[in-house]
Enquirer: 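First the structure, then my questions, so here it is.
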Amino acid sequence: MDLPSTSSQSTLQTVAVVGLGTMGTGIAEVLVRAGREVIGIDSSEGATRRATASLAAATARSVARGRLTEEEREGVLARLRTYTELEAAAGADLVIEVVPEDYELKHRIFTELDAIVRPDAILATGTNALSVTRLAAESLRPERVLGLHFFNPAPAMKLVEVVSSVLTAPPAVEAVTALARDLGKEPVAVGDRPGFVADGLLFGYLNQAAAMYESKYASREDIDAAMRLGCGLPMGPLALLDLIGVDTARTVLDAMYASSGDRLHAPAPILGHLAEAGLTGQKSGRGFYTYAEPGSSEIVRDAQTPLEGGRLGEGRPVSSVGVAGSGTMASGIAQVFAQAGYAVVLAARSPEKAEAAKAAIGKSLGRAVSKGRLTEEAAAETLARITPAGSLEAFAEVDLAVEAVAEDLAVKQELFATLDKVCKPGAVLATTTSSLPVIACARATSRPQDVIGMHFFNPAPAMKLVEVVRTVLTSDDVHATVRAVCTKVRKHPVDCGDRAGFIVNALLFPYLNNAIKMVEQHYATLDDIDAAMKLGGGYPMGPFELLDVVGLDVSLAIEKVLHKEFREPGLAPSPLLEHLVAAGCLGRKTGRGFREYARR
């Protein structure tokens, strides 16, 4: 049969959209604004009316903002015609199906379309969880069936995943790819597996966040704040599950688990419990959070909402802080404390290293002055509060000692044994470890009740998050002290227990590892995966960009710690990552990681 190709892409002028829910209505809007004739089909007359009203409202806003003329608006509205019967798709060049994620329903629609549309028409499914190959194989013309996965809200989101099965004809792929570009979208070519690229990575992460909450490891507010502030994500995972729909997430994860057998994709039981209780998220008015009303995004207080400042007792007074280390993290933390008014002792292995670290802080403050974020007077006062020292003996009178040395347990334990000897009774001892057990540092002292984790994020002056890590021996007043200090230095503290990865790394690095496995399996390219996560997931960086910035050796070390602690086969580090580290390709710092970088 003949199918459209890129050279005849203009033949995709009439597009039928089957299913006029939120996604179908959004896709229809994108198409008519781009000059396509759209046949909107839904069995519900109410849905067709809402779709027409939605387009009228959206285009009216565009006219009010000067983005459309009234004449152009009338043309856009005229290009959408709505119907309640599938027969209306008879003349379409392309049909995009976006009905609910139910295979039998989609199969029935495709079977009916086979008898309705022209032989050269392309049939696309908008599924993100079901098998495109199965739909194609059970169609009369499998070569014309593919997946076309838009992201919600379709008018705003740039990503479109173009999904080929082994049966799809290349001209069909070329035609819809060209159409996607003409719509102003970024098409990414992917193969047929549940979740494709963006949702395939996203839903595993969401599932782990749900399981973390279910285990009572951290509160819903702290999990969401940690991923927003620690990773720069637009929404926390539990709020995002409520937006997507808990039932929808469970369906996608069920399909992913059936395909992969990876226990990390087995839906967390809480997703099933919430879905079966009808607590599906924003659309029902309650999910992980409670909302003002069904369909509202306004979160309201419920029984789980923490009381403002009501859960902590009295802390210890802190006026002076010691920071141990001379690297980027140590100098950044020292700057944070000094800017907040604390007297800071910055101790390194030698007076020269300590002076160099203080000089680095001076340069950082100078940059802030040049950008208008700080006055010269405030910068000078901040720097004057920092006293460099070549020995931990200088910590004798500090109220809080924070170590930021190498991520090596033996090194940290030796340092804590020294702090135990030199710091005064009652001083709080904190480690900035991101992956090592805090309790192992605490047990190197005679006062484990005074030891706690304070995991800052790099660069410390800019990043707002601090993970506050209690061990089973940390005293309540030490916990209250560190929470109060975090607030004073204008950081957002989140509470978590002493287990590998805490919140952020425990959710972030399995996602990064899964992205590497996609490349390893030749499922998608680095560029397509990075584009998918930035455009489809709202991530500030794609996974491979982030891995190269963090350092592949650092990433591998964290993944090994997570795998050792949780013993999940799906957490085993990707062999590709291990091979790159063994070859000395560690990312930007060596000039080559997953990508090559110009030497400076």
Enquirer: Does anything in residues 410-444 form a ring pair (Phe, Tyr, Trp, His ring centres under 6.0 Å)? List the pairs, not counting sequence neighbours.
Expert: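 The answer is none; no pair qualifies.
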Enquirer: List, one per line, each side-chain donor-acceptor pair under 3.5 Å for residues 199-211, sequence neighbours excluded.
Expert:
unit_1, atom_1, unit_2, atom_2, d
Asp199, OD2, Asn128, ND2, 2.6
Asn207, OD1, Ala268, N, 2.8
Asn207, ND2, Leu264, O, 2.8
Asn207, ND2, Ala266, O, 2.9

Enquirer: Would Val438 and Val451 count as a side chain to side chain contact (heavy atoms under 4.5 Å, CB included) if you check the C-alpha gap in whole Å, the side-chain angles of each, and the deciding distance to 0.1 Å?
Expert: CA-CA 8 Å; Val438 177; Val451 179; 4.2 Å; yes
Enquirer: Is Glu565 salt-bridged to Arg499, cutoff N-O under 4.0 Å?
Expert: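 Between Arg499 and Glu565 there is no salt bridge, as every charged N stays at least 4.0 Å from the carboxylate O atoms.
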Enquirer: Taking only residues two or more places apart in sequence, or in another chain, which ones meet Arg447 in a salt bridge (charged side-chain N to carboxylate O under 4.0 Å, His left out)?
Expert: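 For Arg447, the residues satisfying salt bridge (charged side-chain N to carboxylate O under 4.0 Å, His left out) (neighbours in sequence not counted) are Asp420.
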Enquirer: Does the side chain of Thr433 come under 3.5 Å of the side chain of Glu407 through a donor N or O and an acceptor N or O?
Expert: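 Thr433 vs Glu407: donor-acceptor pair found between side chains.
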Enquirer: Examine the side chains of Ser364 and Gln335 and answer whether a donor and an acceptor come within less than 3.5 Å of each other.
Expert: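 On atom types as modelled, these side chains qualify, holding a pair under 3.5 Å.
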Enquirer: Can you sort out the partners of Ser215 under side-chain hydrogen bond (donor to acceptor under 3.5 Å, both in side chains), two or more places apart, ordered by chain and number?
Expert: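 For Ser215 there are no side-chain hydrogen bond (donor to acceptor under 3.5 Å, both in side chains) partners, ignoring immediate neighbours.
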Enquirer: Which pairs count as side-chain hydrogen bond (donor to acceptor under 3.5 Å, both in side chains) when at least one residue sits in residues 317-330, sequence neighbours excluded?
Expert: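 Residue pairs with at least one partner in residues 317-330: Ser319-Asp399, Ser320-Asp399.
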Enquirer: If we count only N and O atoms by modelled type, under 3.5 Å, do the side chains of Thr431 and Glu403 hold a donor and an acceptor together?
Expert: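 Distance-only check passes for Thr431 and Glu403.
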Enquirer: May I ask you to say whether Asp450 pairs ionically with Arg316, meaning some side-chain N is under 4.0 Å from a carboxylate O?
Expert: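 Salt bridge flag = yes for Arg316 with Asp450.
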Enquirer: Would you list the atom pairs, donor with acceptor, under 3.5 Å between side chains in residues 459-467 and any protein atom, with sequence neighbours excluded?
Expert:
unit_1, atom_1, unit_2, atom_2, d
Glu467, OE1, His455, ND1, 2.7
Glu467, OE2, Ile503, N, 3.1
Glu467, OE2, Val504, N, 2.8

Enquirer: Sequence neighbours excluded, which residues qualify as salt bridge (charged side-chain N to carboxylate O under 4.0 Å, His left out) partners of Lys491?
Expert: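 With neighbours one apart ignored, the set is empty.
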Enquirer: Does anything in residues 542-559 form a side-chain hydrogen bond (donor to acceptor under 3.5 Å, both in side chains)? List the pairs, not counting sequence neighbours.
Expert: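 Checked against side-chain hydrogen bond (donor to acceptor under 3.5 Å, both in side chains) - neighbours excluded - the pairs reaching residues 542-559 are Lys534-Glu545, Asp548-Tyr597, Asp553-Lys589.
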Enquirer: For residues 366-374, dump all side-chain donor-acceptor pairs below 3.5 Å to protein atoms at least two apart in sequence or in another chain.
Expert:
unit_1, atom_1, unit_2, atom_2, d
Ser370, OG, Arg367, O, 2.7

Enquirer: Between side-chain atoms of residues 340-356 and protein atoms elsewhere (two or more places apart, or another chain), which donor-acceptor pairs fall under 3.5 Å?
Expert:
unit_1, atom_1, unit_2, atom_2, d
Ser350, OG, Glu352, OE1, 3.4
Ser350, OG, Lys353, N, 3.1

Enquirer: Using salt bridge (charged side-chain N to carboxylate O under 4.0 Å, His left out) as the criterion, list what pairs up with Arg220, not counting sequence neighbours.
Expert: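 Asp302.
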Enquirer: Given the rule in the side chain to side chain contact (heavy atoms under 4.5 Å, CB included) test, do Phe288 and Val246 qualify, once you have shown the distances and angles that lead to the verdict?
Expert: CA-CA 9 Å; Phe288 287 95; Val246 174; 4.2 Å; yes
Enquirer: Who passes salt bridge (charged side-chain N to carboxylate O under 4.0 Å, His left out) against Arg595, sequence neighbours left out?
Expert: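 Only Asp527, Asp530 meet the salt bridge (charged side-chain N to carboxylate O under 4.0 Å, His left out) criterion with Arg595.
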Enquirer: May I have the step-by-step check of ring-ring contact (aromatic ring centres under 6.0 Å, His included) for Tyr217 and Phe502, ending in yes or no?
Expert: CA-CA 9 Å; Tyr217 174 69; Phe502 311 137; 8.1 Å; no
